[in-house]
Amino acid sequence: MEDVPRIKYKSGMKEYYRRAGIPTARFHMVGDAAGCRAFIKEVGWPVIVKPDNGVGAVATYKLENEEQLDAFLSERDGRFPYIMEEFIDGQINSYDAIIDSRGEPLFETGNITGIAIMDIVNNHDNSLYHILKELPEDTRAFGRAAVKSFGVKSRFVHFEFFRLKRDQHIGKKGQLVALEVNMRPSGGYTPDMINFAHSTNVYKIWADMVAFDRSKMPVGEHRFCACVGRRDGKHFRYSHEELAKRYAAQMRMMERLPAALAEAMGNQLFLAVFDTQEELDAFYRDAVECV
């Protein structure tokens with residue numbers, strides 16, 4: 001049970017990232033208004049507030065002024081602890097890996113989220129993210145360091161980082177900073193996307209890890225695998241059918257998402273693979289452009 005706080009609570013994760021030499025956002029445990037205002041005076045607007053023990057972007061908000069702060073403090077459920085963090089202007093990059101009983105990776109990859117889940121949920125936006133063709137070396141290094149710091153063994157993990165879009169107090173543009181750890185695979189259809197991107201089977205790799213603490217499952221050709229989740233009610237340039245026909249050779253899956261996933265991922269799902277960043281970017285443009 002002593003292992004739970006460092007992986008369950010967002011505030012508890014920060015110490016183990018720090019031990020790995022990975023910077024994290026400054027934070028404050030939400031109490032009274034005076035304490036919140038003192039923290040905001042230190043870090044500036046906006047700030048992010050979210051449950052200390054939360055999943056995804058549930059009940060996560062970006063506060064930009066005093067009015068929004070007052071509304072949050074008056075409406076929040078006081079039974080649950082909230083954490084307030086300085087705002088990090090970054091793109092979410094992940095480290096996804098299957099780790100053996102010695103804490104060594106049997107398989108590694110990562111994804112990039114084009115639109116933050118918080119914004120997808122709160123703004124009812126489309127979702128965009130993709131599995132990378134090749135994992136950047138700094139993501140690999142931070143991921144492996146976090147695995148050692150958190151003492152990960154015999155697990156599938158999904159660690160999230162921000163890659164800074166501009167210089168901030170926490171670091172320079174392009175650097176990675178910690179967001180949170182998840183001792184599980186990334187959600188939704190991400191394991192299938194990983195299989196499509198790397199011509200492999202992570203379900204088999206994971207099962208081999210559990211049964212034999214090793215895997216002989218090969219990893220084949222590397223490509224990008226994009227996920228687009230379209231939100232109902234938008235007037236897209238290409239209909240669902242037109243988009244599917246336009247990218248028929250690259251499409252691997254398209255289906256309606258159940259309500260449980262639609263809030264965070266959109267209503268209509270498309271998964272497609274691409275060899276180049278340029279092809280990926282063109283697909284994103286075609287998928288979300290509205291008229």
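Side chains of Ile92 and Ile112 form no contact here, defined as non-hydrogen atoms less than 4.5 Å apart. In this structure, Asp125 and Arg231 have side chains that are not in contact, with every pair of non-hydrogen atoms separated by 4.5 Å or more. A heavy-atom distance below 4.5 Å is not found between the side chains of Phe161 and Asp138. Contact annotation: the side chain of Met251 never approaches that of Leu271 to less than 4.5 Å [non-hydrogen atoms, C-beta and beyond]. Counting heavy atoms from C-beta outward, His198 and Phe107 have side chains that approach closer than 4.5 Å. Residues Ile98 and Val202 form a side-chain contact, since some pair of their non-hydrogen atoms from C-beta on lies under 4.5 Å apart. At least one side-chain heavy atom of Asp286 sits less than 4.5 Å from a side-chain heavy atom of Arg246. The closest side-chain heavy-atom distance from Ile88 to Ile170 is below 4.5 Å.
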Subject >> Pair Glu15-Arg19, salt bridge (Lys or Arg N to Asp or Glu O under 4.0 Å): steps then yes or no >> reply: CA-CA 6 Å; Glu15 171 61 19; Arg19 294 183 187 184; 3.1 Å; yes

**OP:** Kindly indicate, with the supporting measurements, whether the criterion side chain to side chain contact (heavy atoms under 4.5 Å, CB included) is fulfilled by Arg214 and Ile205.
**Re:** CA-CA 8 Å; Arg214 58 181 173 80; Ile205 297 172; over 6 Å; no

Original post:
Checking side chain to side chain contact (heavy atoms under 4.5 Å, CB included) for the pair Met254/Gln268: CA distance, chi angles, key distance, verdict?
Top reply: CA-CA 7 Å; Met254 59 176 292; Gln268 177 66 41; 4.0 Å; yes

Subject >> Residues Leu179, Lys10; criterion side chain to side chain contact (heavy atoms under 4.5 Å, CB included); working and verdict >> reply: CA-CA 9 Å; Leu179 175 53; Lys10 292 175 171 59; over 6 Å; no

**OP:** Check step by step if side chain to side chain contact (heavy atoms under 4.5 Å, CB included) holds for Thr109 and Leu135.
**Re:** CA-CA 6 Å; Thr109 187; Leu135 184 65; 5.7 Å; no

**OP:** Run the numbers on Arg163 and Asp89 for salt bridge (Lys or Arg N to Asp or Glu O under 4.0 Å), then give the verdict.
**Re:** CA-CA 8 Å; Arg163 190 174 297 280; Asp89 187 9; over 6 Å; no

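Counting only N and O atoms by type, the side chains of Ser94 and Asn111 include a donor and acceptor under 3.5 Å apart. Side chains of Thr139 and Asn93: a donor-acceptor N/O pair is absent below 3.5 angstrom, by distance only. A donor and an acceptor atom, one from each side chain of Tyr203 and Asn195, are nowhere located under 3.5 Å apart. Side-chain contact check for Ser11 and Asp52: at least one donor-acceptor pair (N or O, by modelled atom type) lies under 3.5 Å. There is no side-chain donor-acceptor pair under 3.5 Å between Arg140 and Tyr95. In this structure, a donor-acceptor pair under 3.5 Å is present between the side chains of His130 and Tyr284.
In this structure a side-chain-to-backbone donor-acceptor pair under 3.5 Å is missing from Arg230 to Asn267. Judged by distance alone, with hydrogens and angles left aside, the side-chain atoms of Lys14 form a donor-acceptor pair with the main-chain N or O of Ala25 at under 3.5 Å. Put simply, the side chain of Asn65 gets close to the backbone of Glu67: a donor and an acceptor are under 3.5 Å apart. A donor-acceptor pair under 3.5 Å is absent between the side-chain atoms of Gln175 and the main chain of Gly171, judged by distance alone. Checking side-chain atoms of Asn53 against main-chain N and O of Tyr9 turns up no donor-acceptor pair under 3.5 Å. A donor-acceptor pair under 3.5 Å is formed between the side chain of Arg155 and the backbone N or O of Met183. Between the side chain of Glu289 and the backbone N or O of Phe236, no donor-acceptor pair lies under 3.5 Å. At least one donor-acceptor pair under 3.5 Å links the side chain of Thr200 to the backbone N or O of Pro218.
Classification of the Phe274-Phe283 ring pair by plane angle, with boundaries at 30° and 60°, yields tilted. Using a 30° and 60° split on the angle between ring planes, Phe72 and Tyr82 fall in the perpendicular class, above 60°. The aromatic rings of Tyr17 and Phe159 lie perpendicular to each other, with more than 60° between the two planes, well past the 30° mark.
Scanning all heavy atoms of the two residues, the minimum distance from Lys165 to Gln91 falls at CE-N, 4.0 Å. Contact detail for Asp208 and Lys216: the closest heavy-atom pair is OD2-N, 4.0 Å. Between Lys148 and Gly103, the shortest heavy-atom contact is NZ-O, 3.2 Å. For the residue pair Gly110 and Asp96, the shortest heavy atom distance occurs at CA-OD1, 3.6 Å. Of all heavy-atom pairs spanning Tyr129 and Met193, the tightest one is OH-SD, 3.3 Å. Minimum interatomic distance between Ser154 and Ser101 (heavy atoms only, all atoms of both residues): OG-CA, 3.3 Å.
Each of Glu137, Glu104, Glu108 was scored for a salt bridge (Lys or Arg N to Asp or Glu O under 4.0 Å) with Arg144, with one residue passing: Glu108.
Annotation: cation-pi pair Lys62/Phe87 present, NZ/CZ under 6.0 Å from the ring centroid and within 45° of its normal.
Here the two rings, on Phe150 and Tyr16, have centers that are under 6.0 Å apart. You'll find the ring centres of Phe270 and His240 inside the 6.0 Å limit.
With respect to the salt-bridge test (charged N to carboxylate O, under 4.0 angstrom), the residues Lys50 and Glu85 qualify. Between Asp281 and Arg285, no side-chain nitrogen of the basic residue sits less than 4.0 Å from a carboxylate oxygen of the acidic one, so the salt-bridge criterion is not met. One finds a salt bridge joining Arg37 and Asp70 here, because a Lys/Arg side-chain nitrogen approaches an Asp/Glu carboxylate oxygen to under 4.0 Å. Salt-bridge formation is not detected for the pair Arg237/Glu242: no Lys NZ or Arg NE/NH1/NH2 atom is positioned less than 4.0 Å from an Asp or Glu carboxylate oxygen.
Between the CG atom of Leu261 and the CG atom of Leu269 there is a distance of 9.0 Å, given to the nearest 0.5 Å. Between the CE atom in Met217 and the NZ atom in Lys204 there is a gap of 7.5 Å [rounded to 0.5 Å].
The neighbour count for Glu255 CD, taken as heavy atoms of other residues, nucleotides or ligands under 6.0 Å away, is above 12.
By the side-chain contact (heavy atoms from CB on, under 4.5 Å) test, Arg223 pairs with Ser199, Glu221, Arg252, Val273, Asp275, sequence neighbours left out.
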